[in-house]
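Some notes on the structure that comes next.
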Amino acid sequence: MKPFKQLFMLFCLTALVMSCNDDDDNPPEPVNEEEVITTLTATLTPDGGGAEIELTTRDLDGDGPNPPVVTVSGPLAANSTYNGVLKVENETEDPAEDITEEVKEEAEEHQFLFVIDSALNLTIDYTDQESDYAPNTGTNPVGVTFTVTTTDAGSGTLQILLRHEPKKPNDGTPADAGGETDIEATFNIAVN
Amino acid sequence: MLFIACSAPLYAQDCNTQLTGEVLDFHDKTPLEGAQVYIPKLQKTVITNSKGKFTFKNLCDGIYELEVSHFECTTRFLKVEVFGNTFKRITLEHHIEELDEVSVTGRKVRTTNSAQEQTITNGQLERYSSATLGDALKQVSGVSSLNTGATIVKPVIQGLNGSRVLVLNNGVRMQDMEWGDEHAPNVDINSAGKVTVVKGASALRYGGDAIGGVIVLEPLKTLAIDSLYGKTILSGSTNGRGGGITSELVKTYKSGWFLKGQGSFKRFGDLEAPDYVLSNTGVKEGAFSVSAGKRSFYEGWDAMYSFFNTEIGVLAASHIGNVDDLITAINSDEPLIIRDFTYDIGRPQQEVTHHLGRARYYKRFEGFGKLTLQYDFQRNERFEFDVNRRNNDNSAAIDLELTTHTAQADFVIDANSDYKIETGILYRYQDNFADPSTGVRRLIPDYTKNDAAIYLTGKYLLNDAIVIDAGFRYDYSKIDALKFYRNSRWIERGYQADFGDRIVEQLNTQLLVNPVFDFSNISATAGLKYNFNSGTEFLFNYALAQRAPNPAELFSDGLHHSAARIELGDLRIGKETSNKISLSLLHDYEHWGWEVSPYANFIADFILLEPTSTEFTIRGAFPVWEYRQTDARLLGVDASAYVNWSKHWKTNHQFSLVKGRDVGTDIPLINIPAANTKNRITYTHHDWHNLTLGLESQYVFRQNETPDDIDVFSPVTNENVLLAINTAPDAYHLLHFDAEIAFAMNNESNLKVRLAVNNLLDTNYRDYLNRQRYFADDLGRNISLQLKINY
């Protein structure tokens, strides 16, 4: 009967090992998403004072099925200059996490790019460089701050992209910059 | 009765009887030298001489059970009546020669009776010692691979891969997250002595869900003699500027004890296409295994442990942001990131560790059969590191730990030479843990899974020409998961109506859900093998198989950065059912041979993953790949032939074709390998140190049958563009050269040197079944040198 005894012991051992493994009684913890960007806000302040214009894209479900909600608070005025500031946030946290700080810290690895529809009569110029944000020392633009200069009336799309690890320096186009897209937002803008 | 018969010698007057005999090869009747003939009852062993003859002296009259074994053959047990001096002729079924062979013949010893199968011998495996299992398997006709680059190689059998292909490593069914397209089997090819590919679900004892097939890796058998032997293989390659070393040492004792240790290490830097470096495609892999045991005719046990660890770089250019980046990548002739060669493996990368432990015990019951009990433990740990904004920290984007325990009992009734019955039961427990500290939503949730199975298969020798077989298996599995769904995804999938009652907890933006599914699967097989008088062999096999959906098919929900795609599983996915008919006709003449193996596989509710649409996120648009079920049909044929033109010249020819169709919507199935043909010419000269020179031509046709490309909205161009995500690359032709020579160093050692040049002409090509075909060319020329020492 020896083999049967061994057999029996083997099964007992198996049962024991298996029963020790019941660590699934505790419900899993929700993942605290660290990499998520939900919101990009561009605030455009008229150079000579006046009402701010806000461009916002907000995607609260991240990679979920809902598309981002894009809002433009109003038209730009023709032949004007605006001072622009970009803000990147994770609004799934309360209070919202300001990811702009992180972009600034890693300014040499990031750049905002602007793609302007030809029907839209405006130009955008960078007003910052990497060395504005410690500990960076480079002189390439980052794009957290910029100016928008409008000429004649018109309407079209303005795209704002945040690229991670782009080629630097680049000619300001997404094709030349390369890298990985962290944000890609398209706004319908009117210049009146 | 047996007891009485065996006791009879007690009454015999004298014990001077001689039992003589000869051991011959079953097929060609050549004498087998070095076969062991063992009488367990007397614990006596003799070895056959060069003419295959053996003699037992001073036996008492009676009936004896003999165990006849030979290292190239299947061990045979038979009863011999010895009354007076007796002569017995014993034939053994010849194993695949575990020596070096140029061609894959592998027709002699079979895992199943009537299914299409093929074996790769040890000598052939050794050539791939610094490559992957998937690379080695591709020399079997009908086997191709789904690649992510050149280092993640997933075997595809007759058009099917992933969970439909089981990998049996040393008697243990691998549980290594085979559900992902970029998850290759976690086995060290150097730990296997031979590999058998069963093309279909007919090997029921291994599992009922092998709709694609089963890959059986087995170690070489050890003999019960006092011996110490081993081998070391060193190899180096120009492409990747790296190499590997593997070493094995075996100690065997006459008493049946054995000890075995084996270890491998390989390291490659960035691989190179003909025109550029494939940045971040290095690999570092280490593995070892140890085993020990004691085997005898009646009883035996063994225990083994193996460890496997690999770090694989994923092509830097394949990491892209969104659909526009993908369009840019597809339209670019060169990868968008080309850096200088380096050995460093950066992000994106995978790091996978697999532990496997197994204990086995067997006992033979005289005149009846053999019982085998086995317990195995596996732990698979997978980390996937992504390029992210927090590059500098060490956290992985995917951190999964899959733990599996399996206990099984198998019984073989083989006492009667006319039939053989195998039966067994199995219980398996599996636990998956996804570490939440990654800061990235889980792609695969936490789950536990319980499996139980029972099977019965039989083989019956109807007459000299016909062997029939049949089998049945029942599998029960239950999967119990805890998964977080985003509220928006839960609504988009329309889960509330079907699974609303499974919600455990409602959080701010997500739900914790407890889906529980159970599946009862039936599989069955029947077939026959017919040997015509002319020598032609005919095989017919029918297999019914059912497969429960895997965790990826049910639960996938998220963005795969490395593929820039959102993968969506579906909780409503049910099991798939395959009905496969396969035929083989083969003949070996004196100087040539051929085999033709057509098959038809009809799969109801086939689960597939294909691009369907795009979803917008703040990062832009991403193609959505969704799992869906449909009825599918795979029709194909594998054909091979060889000709020995003269003593020195030989050619081998192989052709495979498979057509996959989604019958439900009448479109081609995705990821079906293109037709391909391989032709090889070999020159051998035994007198010149076994010199072998070979030139192989590999032609892969263009896959013209693919699903349509999808229309996606490109925010950069502000319009819909056609994304060439399903378009197959052009046909290609590659030439490979190899040369091999062997030297005897002394009586016990020999050295074999092998030089191989893959992609001799440095041809630029891309393969349809390489997921990185959008981004970069495949490998350029590779010159490798291999030294093998046997001792």
Side-chain angles (χ1 to χ4, degrees), chain A residues 2-4 6-7 10-11 13-15 17-18 21-24 27-40 57-68 92 94 99 102-103 106 109-110 115 117 157 159 161-165 174-175 178-186, chain B residues 299 319-322 324-325 328 336-337 359 361 363 371 373 375 377 387-391 403 405 407 409 427 429 431 433-434 436 438-442 445-446 448 480 482 484 486-489 491-492 504-505 507-510 512 558-559 566 615-622 715-716 718:
Chain A
K2 199 173 152 228
F4 292 105
Q6 285 171 340
L7 192 162
L10 185 76
F11 271 103
L13 191 72
T14 308
V17 173
M18 289 179 181
N21 224 326
D22 266 329
D23 56 0
D24 53 334
E29 295 168 41
V31 169
N32 177 26
E33 281 188 275
E34 291 165 1
E35 285 283 322
V36 169
I37 294 171
T38 61
T39 313
L40 171 77
T57 176
R58 180 175 280 122
D59 189 2
L60 292 177
D61 79 337
D63 302 334
N66 295 343
T92 59
D94 192 24
I99 296 172
E102 212 177 290
V103 174
E106 294 173 5
E109 290 167 21
H110 288 93
V115 181
D117 192 344
T157 57
Q159 257 186 54
L161 294 91
L162 174 61
R163 285 282 171 91
H164 178 224
E165 295 193 325
E180 189 203 351
T181 307
D182 277 344
I183 298 174
E184 181 176 292
T186 307
Chain B
E299 201 175 14
H319 181 94
I320 47 177
N322 61 27
D324 276 313
D325 297 353
T328 313
L336 297 170
I337 302 173
Y361 167 81
K363 161 108 184 136
L371 172 73
L373 303 173
Y375 162 75
F377 168 83
V387 179
N388 58 25
R389 281 180 292 120
R390 291 184 169 91
N391 259 350
T403 308
H405 302 268
Y427 170 68
Y429 173 82
D431 176 81
F433 171 68
T438 55
V440 177
R441 293 176 59 84
R442 298 167 175 91
D446 287 8
T448 60
D480 184 332
L482 279 165
F484 289 97
R486 276 197 184 90
N487 292 336
S488 56
R489 180 68 68 200
I491 293 162
E492 180 264 333
V504 178
E505 201 180 340
L507 291 105
N508 193 16
T509 57
Q510 51 187 353
L512 178 60
L559 182 62
I566 292 171
E615 275 183 5
F616 285 87
T617 77
I618 196 161
R619 261 178 284 193
F622 290 91
V716 166
N718 211 3

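Convention: sequence-line order gives letters A, B, ...; per-chain numbering from 1.
With respect to chain B, the highest number of heavy-atom pairs below 4.5 Å among A/Pro67, A/Gly62, A/Pro65 belongs to A/Pro65. By number of non-hydrogen pairs under 4.5 angstrom with chain A, the leading residue of B/Arg441, B/Arg489, B/Glu615 is B/Arg489.
A donor-acceptor contact shorter than 3.5 Å links the side chain of A/Asp59 to the backbone of B/Ile618.
The contact between B/Leu512 and chain A is made entirely by side chain atoms (from C-beta outward), counting heavy-atom distances below 4.5 Å. Looking at A/Gln159, the atoms closer than 4.5 Å to chain B (heavy atoms on both sides) all sit in the side chain, from C-beta outward. Proximity to chain B (any heavy atom under 4.5 Å) is restricted, for A/Thr157, to the side chain, taken from C-beta onward. Heavy atoms of B/Thr509 lying under 4.5 Å from chain A are absent altogether. Proximity to chain A is limited to the side chain of B/Arg486, based on heavy atoms less than 4.5 angstrom apart. When heavy atoms are compared at a cutoff of 4.5 Å, A/Pro28 approaches chain B by way of both its backbone and its side chain.
Rounding to the nearest 0.5 angstrom, the gap separating the OG1 atom in A/Thr181 from the CG atom in B/Asp324 is 7.5 Å. Here CG of B/Leu482 is found 13.0 Å from CD of A/Glu29. Values are rounded to the nearest 0.5 Å. Expressed to the nearest 0.5 Å, how far CG of A/Asp61 lies from CD of B/Gln510 amounts to 11.5 Å.
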| field | Stepwise side chain to side chain contact (heavy atoms under 4.5 Å, CB included) check, B/Asp325 with A/Arg163 | value | CA-CA 11 Å; B/Asp325 297 353; A/Arg163 285 282 171 91; 3.5 Å; yes
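Residues B/Leu507 and A/Pro30 meet the side-chain proximity criterion, which asks for heavy atoms closer than 4.5 Å.
Ionic pairing of B/Arg619 and A/Asp63 is present here: one or more N-O contacts between side-chain nitrogen and carboxylate oxygen are shorter than 4.0 angstrom.
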